[in-house]
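Below you'll find the structure, written out as C-alpha cells, and then a few comments.
Below, each value reflects all heavy atoms present in this structure, side chains not excepted, and no hydrogens, waters or symmetry copies.
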Amino acid sequence: MNLTLHLTDNCNMDCSYCIREKCPKDMSEEVLYKACDLAFSKGTRAGLCFFGGEPLLKKDLIYKALDYCEKKSEETGIRFDCKMTTNGTLLDEEFLERAVKAHLGIGMSFDGKAQDVCRVFANGKPTSSVVEEKAKLLLKYMPEASALATIAPQAVPFYAESVRYLHELGFKHVSFVIAYGHKVNWTDSDLDLLREQLEKTAVYLKDLFIKKDRFYMSALDSKISDCIRGNNTAERCHLGVRQLPVTPSGELYPCTSFIGDKDYLLGNVFNGIDNKKVAELAKKSSTPETCKGCDLVKRCTNSCGCANRMNTGNENQVSPLQCTYERMLIEISDRLGEELYQIDPVRFASEFA
C-alpha cells in the first residue's frame, strides 16, 4: 500500500501559488508508526512518500520511519520503497547519506530561473541561491534526483530558460507543471506566451537528442511516450486507490486537494480504511462526461480529480485552462516526436517506446 505522509502542515517558505494553509501542526510518532503499519498491511509492497508542508522540518520523523520500515521489511519480506518531495533548503550531507542508504527517491521543488518570482522564504527573502547550492549537493549524492517546477503565469517568461538551466545544473529528469488553484490567474496572453516557451523548449530538447544527451522533460516527453505506447493517460487518476494522503492527525483522504472535506474522509491510521467508500470513489474516477466525445480524450489528464477540484471545485469537471494546456502539450509533443523519429528512428524507439 502507498501512503503520502503529511509530516507537518508547516513550511519555511511562502510560495505565491501554494494553496496549502500553513500552520504548526506536526504528525506524532504514534500516528507515524500506525501509518507505517498500514502501509505494510496490504499487498506485497509498502510505499511511503514524505510530504508536507516541508517534510525536512521533521527530519526526526523521517529517520524514525526509515528505521522502522526497514526493520519491518526484513521481518515480513514485504518490499519497502520511499520517496520525498522537498523544497530542498534544509538538505544536508547527514540526511543525504541516510537517504542514499534507504534508496529514498527525492524530488526537489525548484522553479529554475523563476525561483525567486514565486518561491520565497517565509520572511520574504529570495531562495534561489540557497536552493541552487542544495541542488548541487543533492545531485552529488543522487545524480538521478528530479527537479519539480511549478510555473505560475508570472513565471512563464522564464520557462524555456529554466529547462536549460536545470539541465546544465545537472538534473537528468525535470517535471514542469503549470500552477492551478485560486491563487493564480491565467490570461490568454499568458497562455500565448506559454506556447512560445514550450516551442522553444521543444527546440532545445531536439538539440539534446541530436547530441545524444538524454534528458527527460516530463511535460513533453511523457506525451510522446504515451502516444507511442498507447497508454491511456486519462485513466491515470485513481482516487483513493493508488496513493492515500495521511494528515498529521492520521486521517486518510483520496488526494491532497480533498484533505479536510469530510465527505471524502476514507478512514484513519488507527481504525483502517473504509473499503466501501474507496470502492465507491474509484467508480467516480473516470473520464468526465464533457470529455467523452473529444478525439484527445485518451491523451490528456482530464480525469485528474485533484486538478479538476482545484480549478472548478468539481473533480469530474475539467476547466478551460486545463483543456487548453493539454491540447497545447499534445500538439507540440506530437510535432517534436515526429522530428525526433525522422532524425534517428531506432534511438527514438529505444528512448520513448
* Kindly indicate, with the supporting measurements, whether the criterion side chain to side chain donor-acceptor pair (under 3.5 Å) is fulfilled by Thr187 and Asp190. => CA-CA 5 Å; Thr187 66; Asp190 294 328; 3.0 Å; yes

Assess whether a salt bridge exists between Arg335 and Glu331, defined as any Lys/Arg side-chain N lying under 4.0 Å from an Asp/Glu carboxylate O. yes

**Asked** When you check the gap from the basic side-chain N to the acidic O, do Arg98 and Asp67 get nearer than 4.0 Å?
**Response** yes

Distance col, row Asn12:CG vs Leu90:CG, nearest 0.5 angstrom, shows 5.0 Å

inquiry  = Would you say that Thr256 contacts His6 through its side chain, given a criterion of any heavy-atom pair below 4.5 Å between the two side chains?
reply    = yes

Just wondering, more than 12 heavy atoms not from Lys59 lying within 6.0 Å of its NZ? yes

Mark yes or no for whether Trp186, through its side chain, and Ala179, through its backbone, hold a donor-acceptor pair below 3.5 Å. yes

If you count the non-hydrogen atoms of other residues, nucleotides and ligands that lie under 6.0 Å from CZ in Arg327, is the total more than 12? no

So is Arg164 actually on top of Phe158's ring, under 6.0 Å and inside 45° of the axis? no

CD1 (Ile228) and CZ (Phe348) are apart, to the nearest 0.5 Å, by 3.5 Å

If we count only N and O atoms by modelled type, under 3.5 Å, do the side chains of Ser109 and Asn87 hold a donor and an acceptor together? no

_Side chain proximity check, Ser333 to Arg299, heavy atoms < 4.5 angstrom_ = yes

(Q) Given 3.5 Å as the limit, does a donor-acceptor pair link the side chain of Ser162 with the main chain of Lys113, or not? (A) yes

Tell me, do Phe95 and Thr86 make a side-chain contact under 4.5 Å, heavy atoms counted? no

Atom NZ of residue position Lys34 - does it have more than 12 heavy atoms of other residues, nucleotides or ligands inside 6.0 Å? no

When Leu3, Thr4, Leu7 are each screened for side chain to side chain contact (heavy atoms under 4.5 Å, CB included) with Phe51, the one that passes is Thr4

Side chain to side chain, Lys64 and Glu29, heavy atoms closer than 4.5 Å = yes

Scan side-chain atoms only and decide if Glu54 and Thr8 contain a donor-acceptor pair under the 3.5 Å cut-off.
no

Side-chain contact test, heavy atoms from C-beta onward, threshold under 4.5 Å: evaluate it for Leu198 versus Arg195 and give yes or no. no

| said: Once you measure the plane-to-plane angle for Phe171 and Phe110, does it fall in the parallel (<30°), tilted (30-60°) or perpendicular (>60°) bin? | reply: perpendicular

**Message:** With side chain to side chain contact (heavy atoms under 4.5 Å, CB included) as the criterion, how do Cys15 and Lys183 come out once you've worked through the C-alpha distance, each side chain's angles and the decisive distance to 0.1 Å?
**Reply:** CA-CA 10 Å; Cys15 304; Lys183 288 192 173 183; over 6 Å; no

Here the gap from Glu339 atom CD to Phe209 atom CZ, rounded to the nearest 0.5 Å, amounts to 11.5 Å

Find out whether Lys72 and Ile78 are in side-chain contact, i.e. whether some heavy atom of one side chain is under 4.5 Å from a heavy atom of the other.
no

Taking the side chain from Thr127 and the backbone from Arg119, do they hold a donor-acceptor pair closer than 3.5 Å? yes

| said: Checking side-chain polar atoms at under 3.5 Å, does Tyr17 have a donor or acceptor matched by the opposite partner on Gln154? | reply: no

- Query: Mind checking whether Phe176 and Tyr159 have parallel, tilted or perpendicular rings, split at 30° and 60°?
  - Reply: tilted

Separation between SG (Cys255) and CG (Asp261), nearest 0.5 Å, reads 12.5 Å

Problem set entry | Atom CG of Asn123: over 12 foreign heavy atoms under 6.0 Å | yes

